[in-house]
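Scroll down for the structure; my scribbles are underneath it.
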2 protein chains.
Amino acid sequence: MGRISRIPQAVVELMSGAKRDCWTIEELQNSLNSSGIAADFSSVFRASQKLEDQGVLRRVELNDGKAHFEFTHGHHDHMICQKCQLVSQIPCEFFETSIGEAVSRSGFKITGHSLVIEGLCKNCQNIGAVK
Amino acid sequence: MGRISRIPQAVVELMSGAKRDCWTIEELQNSLNSSGIAADFSSVFRASQKLEDQGVLRRVELNDGKAHFEFTHGHHDHMICQKCQLVSQIPCEFFETSIGEAVSRSGFKITGHSLVIEGLCKNCQNIGAVK
DNA sequence: CTACGTGCAAACTATTTGCCTACAA
DNA sequence: TTGTAGGCAAATAGTTTGCACGTAG
């Protein structure tokens, strides 16, 4: 077997080829299974861990009680529409050039941050109220 | 019985009289128990729920897998020191006047946000490296 | 009597770990 | 043979719910 094992490789390929940017372990597993790749939840879990350790993936908190993973490169923050659950991206520069700078100036050394914005996306505002 | 029941009232009194601003259910329970107030975990859980529903408390995500509660009034964001676990507060205005404004301008209607900054507090930077 | 608050235990959800087998070097 | 990957099931951790009892109104 090559240096990259079956499931981690499949996860990276799946994520590379899809539009979605944040995946729960369950979503990854289902998607793999659907494309004919057998994978146990725990195997996908371990794959995510390994990829996170290697710096390929980054764990993202969306405050829904589940772990989410995205590629480390192109790191960004997230907005979630509370109606359609659409997750959209916010460039991190917004954070870094405003809050981050102010916090750093206060003497706190920042090593990471998690920003989640909840609300209604443009589309759902037009359609109607929150379900 | 008055309109405020035993445990919710004790929770509010405890939180009002303490310096700490974010409490897990377990911390609340332990603290109550220590001061001679018997309270089951589930009772404290239900008290937190009720107080949250009433708008007295707000649930805060600190991404440690536990639910945290703080008073709704004086809402703010948080910085956590990854060495000493100190949680300090950041005024929300930092968020609202920078990122929030930019996001709103993009058409997303913000109803809430969660910002957690991880790093090293001033004190721990001086003492040494991360454990 | 009726409603509500609480304790206790069980159910749930998501994560994490242990162990065993199979396969590749 | 030896180490690693992966499947399966059990263990954790935290939260949530069901139920029964006691008590205030």
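The chains referred to below are lettered A, B, ... by the order of the sequence lines, with proteins before strands, and numbering in each begins at 1. All values below come from the heavy atoms of this structure, side chains included, with hydrogens, waters and symmetry mates left out.
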Practice prompt. Under 4.0 Å between any heavy atoms, over every strand shown, what does A:Ala47 touch: base, sugar-phosphate, or nothing? Just pick one.
Written response: nothing

Worksheet entry | d(CG, A:Asp53; P, D:dA5) in whole Å | 12 Å

Worksheet item: Taking atom C1' of C:dA14 as reference, at what distance in whole Å does atom CG of B:Asn63 sit?
Response: 15 Å

Discussion item. Expressed as a whole number of angstroms, how long is the span from A:Phe45:CZ to C:dG18:P?
Written reply: 12 Å

Discussion item. Without decimals, in angstroms, what is the distance between A:Ile25 CD1 and C:dT15 C1'?
Written reply: 7 Å

Worksheet item: Any side-chain heavy atom of B:Ser114 sitting closer than 4.5 Å to one from A:Ser114?
Response: no

Worksheet item: How long is the line joining CH2 of B:Trp23 and C1' of D:dT15, in whole Å?
Response: 20 Å

Worksheet item: Does OP1 or OP2 of D:dT4 have a side-chain N or O of A:Lys50 closer than 4.0 Å?
Response: no

Item to complete: Kindly point out which of D:dT16, D:dA5, C:dT15 is positioned nearest to the side chain of A:Ala67?
Response: C:dT15

Worksheet item: Could you give the distance from CZ (A:Phe95) to CZ (B:Phe94), rounded to the nearest 0.5 Å?
Response: 11.0 Å

Worksheet item: When you measure from the side chain of A:Ser5, which nucleotide among D:dG6, C:dC8, C:dT17 comes out closest?
Response: D:dG6

Fill in: Residue B:Arg59, side-chain atoms from C-beta onward, closest of C:dG7, D:dT15, C:dT15
D:dT15

Worksheet item: Of B:Gly65 and B:Ser42, whose closest DNA chain D nucleotide lies nearer the 5' terminus?
Response: B:Gly65

Fill in: Along DNA chain C (nearest heavy atom to each residue), the more 5'-positioned of A:His68 and B:Pro8
B:Pro8

Worksheet item: Rounded to whole angstroms, how far apart are CG on B:Leu32 and C1' on C:dG7?
Response: 15 Å

Worksheet item: Which nucleotide in the set D:dG7, C:dG7, C:dT15 lies at the smallest distance from any side-chain heavy atom of A:Lys66?
Response: C:dT15

Fill in: Given C:dG7, C:dT15, D:dG7, the nucleotide with the shortest approach to the side chain of B:Ser43
C:dG7

Discussion item. Please evaluate residues B:His68 and B:Arg59 with respect to the criterion side chain to side chain donor-acceptor pair (under 3.5 Å), reporting the C-alpha separation (whole Å), side-chain torsions for both, the decisive distance (0.1 Å), and the verdict.
Written reply: CA-CA 6 Å; B:His68 297 255; B:Arg59 190 185 191 124; over 6 Å; no

Worksheet item: Just how far, in rounded Å, is P of C:dA14 from CD of A:Gln49?
Response: 17 Å

Worksheet item: Mind checking whether A:Val103 and A:His113 have side chains closer than 4.5 Å, heavy atoms only?
Response: no

Worksheet item: Does the side chain of A:Asp77 pick up a donor-acceptor pair with the side chain of A:Gln89 at under 3.5 Å?
Response: no

Practice prompt. Spell out yes or no: do the side chain of A:Arg6 and the base of D:dG7 have one donor N/O and one acceptor N/O closer than 3.5 Å?
Written response: no

Response to the item:
Against the side chain of A:Arg46, the closest entry in C:dT17, C:dT15, C:dG7 is C:dT17

Worksheet item: Could you state the CZ-P distance from A:Phe41 to C:dT17, rounded to the nearest angstrom?
Response: 13 Å

